[in-house]
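All remarks here apply to the structure that follows.
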Amino acid sequence: MYELCKNLGGWLTSGAQWSGSDGIAHRLAEHLQYSLLATLIAAAIGLPLGLLIGHTGRGAFLAINLASFGRALPTVGLVVLVFLAGGLSMLPVYVALVALAVPSIVTNTHAGMTAVDPDVKDAARGQGMRGHQVLLQVEFPLALPLIMTGLRLALIQVVATATIAAYVSFGGLGRYVFDGLAQRDLVQVLGGAVLVATVAVALDLGLSGLQRFLFLPHSRLRSSGGTPTRTA
C-alpha cells in the first residue's frame, strides 16, 4: 500500500506528466470544457422550465417526475444508445451529461419558487406589478439561493461523470481511468480517479464559498427578523 501511494504521488507530481497533449493540464482543460458546456446547456433547459412551473403552478407533477426519470437513467447506457444512433462524436456524452444535470436544476428551481412567501407575491401584485415583473423582480431574486444550489449540485455531478467521454474515445480526466484499466496500470487508474475527485471537491468548496458570500446579506436579514412588509 505504501509503495502504491508512493508511485501515485510520483505520477501526480512528475513534470512530464503535466505537459503535452496527454498531460494532466490538457486533460483537465478538456474535462472542464465538457463539464461546463454540459451544465450551461442543462441550465438553459432546466432554469426556464423550473421558473415556469414554479411561477404558474402548472405542470409541476409532470416536470418533477420527468426530472426524476432523467436522474434514474443509466448514464453509460444512454451514451451507448446515442452513440449507436448518432455515430462517433461528443453528442452522446453531452446528451448523457445534460440528462444528468437537468433534474437537479429543475427540482431546485421549482423548490425555490414555491418557497417564496405568497404574501410577498400578493404585495407585489397589489403594487401593480404584472406577472412577468413579479417573476423577474420578486420571485426569482428570492428563489436564487436554492437555484444556485441546484446549479452547484448539477455541476458537481457532471464533473464526476464526465469521465464517460473517454468511454467513446474522447479526452478528459477519464482518459487515465480507461487507459489505465486497458493497460492494467493501477497507478494511472487511481491517478485519474484522484484528479476527478479533487476537481469535484475543489469546485464544490469554491461554489459553496461563493454562494455564502453572495447571499450573506440576505441571510443576515432573515436571521435578524427582517421581513418584507406589504404596502397598501
Side-chain angles (χ1 to χ4, degrees), residues 24-54 63-83 86 89-113 136 140-141 143-168 170-178 192-215:
I24 294 174
H26 182 72
R27 295 301 185 197
L28 175 60
E30 290 177 330
H31 201 92
L32 290 174
Q33 176 188 332
Y34 303 155
S35 303
L36 293 175
L37 181 56
T39 305
L40 285 175
I41 295 172
I45 298 170
L47 275 177
L49 182 59
L51 291 172
L52 179 63
I53 64 176
I64 298 302
N65 279 278
L66 285 176
S68 299
F69 174 74
R71 186 183 286 116
L73 283 174
T75 306
V76 175
L78 185 59
V79 169
V80 173
L81 181 63
V82 180
F83 171 74
S89 69
M90 275 297 296
L91 178 62
V93 177
Y94 283 123
V95 168
L97 294 178
V98 168
L100 178 69
V102 165
S104 294
I105 296 173
V106 171
T107 53
N108 278 270
T109 301
H110 175 256
M113 294 289 287
L136 297 177
F140 179 71
L144 197 53
L146 273 177
I147 293 173
M148 288 289 294
T149 298
L151 291 171
R152 170 186 155 203
L153 292 174
L155 178 59
I156 301 310
Q157 287 176 318
V158 168
V159 168
T161 314
T163 52
I164 59 171
Y167 186 77
V168 284
F170 287 95
L173 297 175
R175 189 80 270 155
Y176 299 123
V177 177
F178 286 94
V194 167
L195 288 170
V196 172
T198 301
V199 171
V201 170
L203 283 175
D204 187 33
L205 292 174
L207 292 175
S208 178
L210 177 62
Q211 187 175 347
R212 286 196 299 269
F213 174 76
L214 290 176
F215 299 110

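All values reported here derive from a predicted model rather than from experimental measurement. Hydrogens, waters and symmetry mates play no part in the numbers below; they use all other heavy atoms, side chains included.
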Do the side chains of [Y] and [X] get nearer than 4.5 Å, heavy atoms only?
X	Y	result
Val199	Leu32	yes
Leu97	Leu37	no
Val98	Ile45	yes
Thr163	Tyr176	no
Val93	Tyr167	no
Ile147	Asn108	no

Exercise. What pairs meet the side-chain hydrogen bond (donor to acceptor under 3.5 Å, both in side chains) rule with one or both residues in residues 90-100, with sequence neighbours excluded?
Worked result: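 Sorted result for residues 90-100: empty, none.
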
For this session: Kindly state each residue pair satisfying salt bridge (charged side-chain N to carboxylate O under 4.0 Å, His left out) with at least one member in residues 26-40, sequence neighbours excluded.
Result: Asp22-Arg27, Arg27-Glu30

Problem set entry | Residues in salt bridge (charged side-chain N to carboxylate O under 4.0 Å, His left out) contact with Arg152, at least two apart in sequence or another chain | Asp204

To check you understand the geometry: which heavy-atom pair defines the closest contact between [X] and [Y], and what is its length?
X	Y	result
Gly50	Met113	O-CG, 4.2 Å
Pro48	Ala43	CD-O, 3.5 Å
Phe170	Arg175	O-NH1, 2.6 Å
Gly171	Tyr34	N-OH, 3.3 Å
Ser35	Ala162	OG-CB, 3.7 Å
Ile164	Ala96	CD1-CB, 4.0 Å

Passing option when [X] is tested against [options] for side-chain contact (heavy atoms from CB on, under 4.5 Å):
X	options	value
Leu203	Leu36, Val158, Thr198, Val159	Val159
His110	Leu52, Leu146, Ile53	Ile53
Leu155	Leu40, Ile105, Leu207	Leu207

For this session: Would you give the length of the straight line joining atom OG1 of Thr39 to atom CG of Leu153, rounded to the nearest 0.5 angstrom?
Result: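 The CG atom of Leu153 is 11.5 Å from OG1 of Thr39, to the nearest 0.5 Å.
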
